[in-house]
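Data first, discussion second: the structure below is written as structure tokens.
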Amino acid sequence: MRRLGMTTAIAAAALTAGCAAPGTTAQAQASQETTSAASAATPTPTASAATGSAPVATPVSDRSIPDGYDATRDAEADIQAALSKAAEDHREVLIDFGANWCPDCRALGKMFRSAQVEPLLEKNYVVVAVDVGQFNHNLDLAGRYVDLRTSGIPALAVLKPSGVLRTATNDGSFSDARSMAPGRISAFLTRWAPAGNP
């Protein structure tokens with residue numbers, strides 16, 4: 001009975017704390033280099049390996065916002081296609097790292113389609129959604145752009161069409177998307193829009 005009470009308390013804390021990465025306590029943050037080295041040495045399973053199917057690589061559509069996080073997508077290919085499309089259209093690439101189980105990720109996805117945010121995305125960004133599973137999928141790819149231990153999910157990264165990282169939300173500024181107003185997202189998107197394209 002006591003064990004059931006602790007499990008319920010942990011689940012309740014997870015639901016109210018947002019979609020933080022495991023080990024985001026001060027102690028875990030203090031030992032980031034050790035954790036990073038251990039993570040680099042441990043292979044991470046992918047959803048495609050678990051299902052036995054190959055990752056999906058399809059073209060990035062002209063001005064679309066992904067609908068959720070698809071674990072079967074080839075995230076690397078999606079980012080490369082987005083960079084090419086962004087170069088053609090003079091836009092930036094916005095990578096959204098998250099997972100469908102995360103309520104904050106789903107809330108951000110809804111706000112991406114709001115009247116205040118969607119026009120900014122369509123004008124200024126090619127959006128790529130990258131599934132991180134239960135913090136066990138696409139972690140090597142995510143590690144090139146964000147620090148999921150401090151950012152939680154959703155985590156955003158803005159890239160120039162050349163692939164150069166302009167900014168990443170390593171401070172966890174979007175991991176509380178359920179409590180955010182669309183204006184906060186609009187301000188971020190406006191700030192990092194391509195020069196001359198606000």
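Here the rule is side-chain contact (heavy atoms from CB on, under 4.5 Å) with Pro154, and of Thr169, Asp104, Asp176 only Asp104 fits it. Looking at Asp78, Asn138, Asp131 one by one, the single match for side-chain hydrogen bond (donor to acceptor under 3.5 Å, both in side chains) with Arg73 turns out to be Asp78.
At distances below 3.5 Å, not a single donor-acceptor pair connects side-chain atoms of Thr167 with backbone N or O atoms of Val158. Of the possible polar contacts, none joining the Asp147 side chain to the Asn170 backbone as a donor-acceptor pair under 3.5 Å is found. With hydrogens and angles disregarded, a donor-acceptor distance shorter than 3.5 Å links the side chain of Arg91 to the backbone of Glu122.
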Show which side-chain atoms of residues 93-100 pair as donor or acceptor with protein atoms under 3.5 Å away, not counting sequence neighbours.
residue : atom : partner : partner atom : Å
Asp96   : OD1  : Tyr69   : OH           : 3.0
Asp96   : OD2  : Tyr69   : OH           : 2.8
Asn100  : OD1  : Tyr69   : N            : 2.9
Asn100  : ND2  : Tyr69   : O            : 2.7

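Taking all atoms of both residues into account, the shortest heavy-atom contact from Gln134 to Trp101 is NE2-CD1, 3.5 Å. In plain terms, the two heavy atoms of Arg113 and Ile65 that are nearest each other are NH2-O, 2.8 Å. Nearest heavy atoms, Ser173 versus Met180: O-SD, 4.0 Å. Nearest heavy-atom pair across Leu165 and Ala157 is CD1-CB, 3.9 Å. Residue Val117 comes nearest to Pro182 through the heavy atom pair CG2-O, 3.7 Å, listed as atom of the first residue, atom of the second, then distance. Taking every heavy atom of both residues into account, Ala129 and Gly68 meet most closely at CB-O, 3.5 Å.
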> Yes or no on side-chain contact (heavy atoms from CB on, under 4.5 Å) for Trp192 and Asn124, after CA distance, side-chain angles and deciding distance?
Replying inline: CA-CA 9 Å; Trp192 296 105; Asn124 298 309; over 6 Å; no

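Rounding to the nearest 0.5 angstrom, the gap separating the CZ atom in Arg178 from the CE atom in Met111 is 10.5 Å. Between Leu121 atom CG and Ser186 atom OG the span is 8.5 Å, to the nearest 0.5 Å. Between Leu139 atom CG and Arg144 atom CZ the span is 12.0 Å, to the nearest 0.5 Å. Remark: Lys85 NZ to Ser64 OG distance equals 10.0 Å, nearest 0.5 Å. Between atom CG of residue Leu189 and atom CD of residue Gln116 there is a gap of 10.0 Å, rounded to the nearest 0.5 Å. Here OH of Tyr125 is found 8.0 Å from CG of Leu120. Values are rounded to the nearest 0.5 Å.
The number of heavy-atom neighbours closer than 6.0 Å to CZ of Arg191, taken from other residues, nucleotides and ligands shown, is 12 or below.
Looking only at side-chain heavy atoms (C-beta outward), Pro66 and Val128 stay at 4.5 Å or farther from each other.
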